[in-house]
Amino acid sequence: MSRRIQSPGPAGGAFYGGQLTGRSGAETITEPLSIMARVGGRNERRCRRSGYLLFAWALLLAGCGSAHSSPPGSVRSQAPPTTQATSGPPALVVVKTASARLPAPPPGSGSGPASDQQDLVFVPGGAGFLVTGALGGGTGQIQRTTDDGASWQTVWSRPGAALYWVGTAGADVLASGTYAAPGSDPNGASPLLLRSTDNGATWTSLTPSLPPPPGLPAGEGDYPGLDWEQLRLEFPSTDVGLAVTDANDGEATLSHRLLRSTDGGQTWSDISLPGGRPDGGLALTGPLHGFATGTVTPPSVAGGSCTSQMWSTDDGGTSWQVVPGTCVGWDLYTVTFSDPSHGFAAGGNFSKYGLFPQRAVLVSTDGGVHWSQAYAAGGNASGGGPDNDGPFAAVHFIDSRTGYALVGGCTMGANGPCGGALWWTSDGGRDWSRSSVSGLRLAVDGAGDVWVVGGGLAGVSVMWRSTDGARTWTPVADPASIGVLSLLGGGGNLWIDTAAGQFISTDGAASWTALPAAAEAAENGGRATVAAVGSSGLVAIGGLGAQQVWISHDGGRSGTTTAVPGLGRMGAVALAFADDRHGLALGQGAVCAKGAAGPGQSALPFTASPAAVVATDDGGGSWRSTTTLNLSFAGLGYGATVAVATGTGPGPTPPCPYDVATSTDGGAHWRTWSVPPQYRCGSPSAAGDTAVLVCPDYSSATPTTTILVTRDAARTWTTHRLTAPGQIAGVVATGSGQLWAYGPPGTLWHSTDSGVHWAVLIPHLPVAR
């Protein structure tokens, strides 16, 4: 099963890609974005530098077609004449408005791990502790498992708390985070440290006293918990503790610092690395001895051949000395020891900057006295190019040969922390293999029991567990808490993308199975961006910008790859099928004009590039060009009676208008319509005689979404204003009058009357809990 924790996935009936700013690790929204409002990927994280909330939204507009027994295009008549304003196309004809309330889902079992997972630790005796962060005034929790993750019980919770780290100090369990009283300004959160001396049964809390972050302008350090949440803690004893900047924050960190406490975490003081700046690596091999990684300030060798190195301490972290021979030309972010003799330090360069290696490892076999480079990959001097997987930000070795590492760290402009893929080695770090999962934190419980926590997105409620040393993985979650990120469908066939992987149902959501191996392989490890599902077993998978598509007619168990010519240089951006033979694909268009130049500057150049439309009549075996559409960043739906495309249309300056194009002859000819000005409609989906557009509204305190539905080949439309217990992320048509909606975790809604009435259900996914 593919893991899609870090990539925006399918939306409203077709995958359509883009990257989200923030904790997923990407820093920019990479256009073209799909036009489906994807709340499951919403990222809400306080921007700690300037003290405001940064919301990264991806509006994912896409579509899906469904099967039909007769060829599409049988309805030839276009919409009735409408007076067209000189400024643009005629408006969609809306003949009726209605409202509907979607029912709340039943409560979950409560036995699975909570959402907003931040960190996990296993302690001697078999207990595990999970901490969760609360964003926007939620409730932070500590959960404990005593049965190897089969069930989880909340042992501490507090509204307004957000927890980011959990670990041990001798036999005690500790957790750290921040707290702001409910209703108060969350930017005024205070640091929080929790301790349990009875294996999590009871907890005491204290408010650590911290020195102000060094080097910040006036006004930037106004609240005491300013960068406490960015620190990872290490306690060599119950009284002595060290705290270092989180490597997963990378360049997004507010400050790079190393702190020390001698009173159990009550008070802290800054500790300096002579000639360096802490960058996240910290490993204590005893009460007094340990190692830290950092950046040399300034680099001591011209050309960047010595930019990061290691320091050691012999007095419990009070003073630090450079470890000779450890200065390297890449960033060192993490260090660990499997035993007193064998040490491993790792990091790398970000592919964004075109430097190599992207991942590298130093090893020591004499307790850290001498170090040598054992591994370097992801771009190299002999011509190997970057693989865009970034540096190692966490590493853990269970013995001198077996180890695990997580990619992580944010580049400039992102809002951390940023996680990444898990890698593993069985030869002491000389060779590494990439696993299928990604996350924010790594926990190991025994020789081959590996856990990955936190996908980098707010609301994630799935942990990944491997009992065979990272070769295969099982999601651990309560099905009622798993967010549906996106949905495809046709007839009784549904394909959902979740943080727990991707699953297919052939019985209208009554039961689910993991994505078939052939479809998973075709999706290329969760990177499919255009796809469609039909009622006859059709599964079509492509990649954003790809010039080919993989087609299956047996539900994804087997398939073939076919070239799709005529899409243009940018390749496919949307894909939809009306039945098992008739399909359409869109190439990228660009018709929205650039903004006006500033005073004294000439106008910015802009060249229109309409979206190419290609069609197949033989189930994807061959494709032919039909026409072009004046739409950019388009989504697509295709039913038996009508094809619908949406995107931004031509305009003199941004923001450009949202337009809808409809075709009743299989994509050969199209008519363009303007969307009512109060809506920003997209995410077209069509099946049978039903087509739907989704028009999200984020301006209301009560989550609402308006959908436009047609059952007469787009001649007239009905609007339904949907109110739900949570934001609706998307609506998909799967047959005549058949609509499916998704949004809050673990929830699907189904309508059989074009959106008038809705039933709620929880998809019972095959995951451990």
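Just so you know, residue 1 is the first one in the sequence shown, and it goes up from there.
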If you take all heavy atoms of [X] and [Y], which pair is closest and at what distance?
X	Y	result
Ala500	Val767	CB-CG1, 4.0 Å
Thr318	Thr313	N-OG1, 4.1 Å
Gly200	Val155	O-CB, 3.4 Å
Gly368	Val323	O-CG1, 3.7 Å
Phe344	Ser400	CZ-O, 3.6 Å
Asp478	Gly112	CB-CA, 3.8 Å

Would you please test Trp432 and Tyr375 for side chain to side chain contact (heavy atoms under 4.5 Å, CB included) and show each step?
CA-CA 8 Å; Trp432 292 79; Tyr375 172 79; 3.4 Å; yes
Report the residues that fulfil ring pair (Phe, Tyr, Trp, His ring centres under 6.0 Å) with Trp320, sequence neighbours left out, ordered by chain and then residue number.
none
Who are the ring pair (Phe, Tyr, Trp, His ring centres under 6.0 Å) partners of Trp451, not counting sequence neighbours?
Phe122
Under 3.5 Å donor-acceptor, [X] side chain and [Y] backbone:
X	Y	value
Gln117	Ala114	yes
Arg430	Gly428	no
Ser341	Gly367	no
Thr425	Gly403	no
Glu229	Pro191	no
Asp249	Ala252	no
Thr132	Gly140	no
Arg277	Ser272	no
Lys352	Gly390	no
Ser466	Thr472	yes

Stepwise ring-ring contact (aromatic ring centres under 6.0 Å, His included) test for Phe356 and Trp330
CA-CA 8 Å; Phe356 58 84; Trp330 39 273; over 10 Å; no
Taking atom types as modelled, is there a side-chain donor on [X] or [Y] under 3.5 Å from an acceptor on the other?
X	Y	value
Asp431	Ser433	no
Asp263	Ser261	yes
Ser364	Asp366	yes
Asp227	Ser255	yes

Does the pair Trp371 and Val335 meet the rule for a side chain to side chain contact (heavy atoms under 4.5 Å, CB included), with working shown?
CA-CA 12 Å; Trp371 297 80; Val335 59; 4.2 Å; yes
With sequence neighbours left out, what residues match [X] under side chain to side chain donor-acceptor pair (under 3.5 Å)?
X	result
Thr145	Asp147
Gln141	Thr154
Ser435	Trp473
Ser338	none

Yes or no on salt bridge (charged side-chain N to carboxylate O under 4.0 Å, His left out) for Arg441 and Asp246, after CA distance, side-chain angles and deciding distance?
CA-CA 11 Å; Arg441 305 297 176 199; Asp246 184 4; 2.7 Å; yes
Do Leu130 and Met463 pass the side chain to side chain contact (heavy atoms under 4.5 Å, CB included) test, and can you show the C-alpha distance, the side-chain angles, and the key distance before you say yes or no?
CA-CA 10 Å; Leu130 171 71; Met463 293 186 291; 4.1 Å; yes
Enumerate the ring-ring contact (aromatic ring centres under 6.0 Å, His included) contacts for residues 238-267, please, sequence neighbours excluded, ordered by first and then second residue.
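Qualifying pairs: none.
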Do Val363 and Ser372 have side-chain heavy atoms sitting under 4.5 Å apart?
yes
Side chains of Leu174 and Leu233, heavy atoms from C-beta outward: is any pair under 4.5 Å?
no
Would the Phe397 and Phe337 ring centres measure less than 6.0 Å apart?
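No, the ring of Phe397 stays outside the 6.0 Å limit from the ring of Phe337, centre to centre.
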Aromatic ring proximity Trp228/Tyr164, centre distance under 6.0 Å
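No, the ring of Trp228 stays outside the 6.0 Å limit from the ring of Tyr164, centre to centre.
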Establish, for the pair Arg359 and Trp423, whether the NZ or CZ atom is under 6.0 angstrom from the six-membered ring centre and no further than 45 degrees off its axis.
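Flagged: Arg359 positioned over aromatic ring of Trp423.
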side-chain contact (heavy atoms from CB on, under 4.5 Å) with [X]: which residues, sequence neighbours excluded?
X	answer
Asp148	Asp445, Asp449, Arg465
Ser205	Arg158, Leu192, Leu194
Val240	Pro236, Ser237, Arg260
Asn199	Val123, Ala127, Phe129

Show your working on side chain to side chain donor-acceptor pair (under 3.5 Å) between Thr295 and Asp279 and close with a plain yes or no.
CA-CA 7 Å; Thr295 299; Asp279 266 350; 2.2 Å; yes
Just do the side chain to side chain donor-acceptor pair (under 3.5 Å) check on Asn349 and Ser351 with the steps written out, would you?
CA-CA 6 Å; Asn349 291 305; Ser351 61; over 6 Å; no
Would Tyr353 and Met412 count as a side chain to side chain contact (heavy atoms under 4.5 Å, CB included) here? Give the steps.
CA-CA 11 Å; Tyr353 304 123; Met412 191 64 67; 4.0 Å; yes
Sort and list the pairs that fulfil salt bridge (Lys or Arg N to Asp or Glu O under 4.0 Å) and have at least one residue in residues 397-421, not counting sequence neighbours.
none
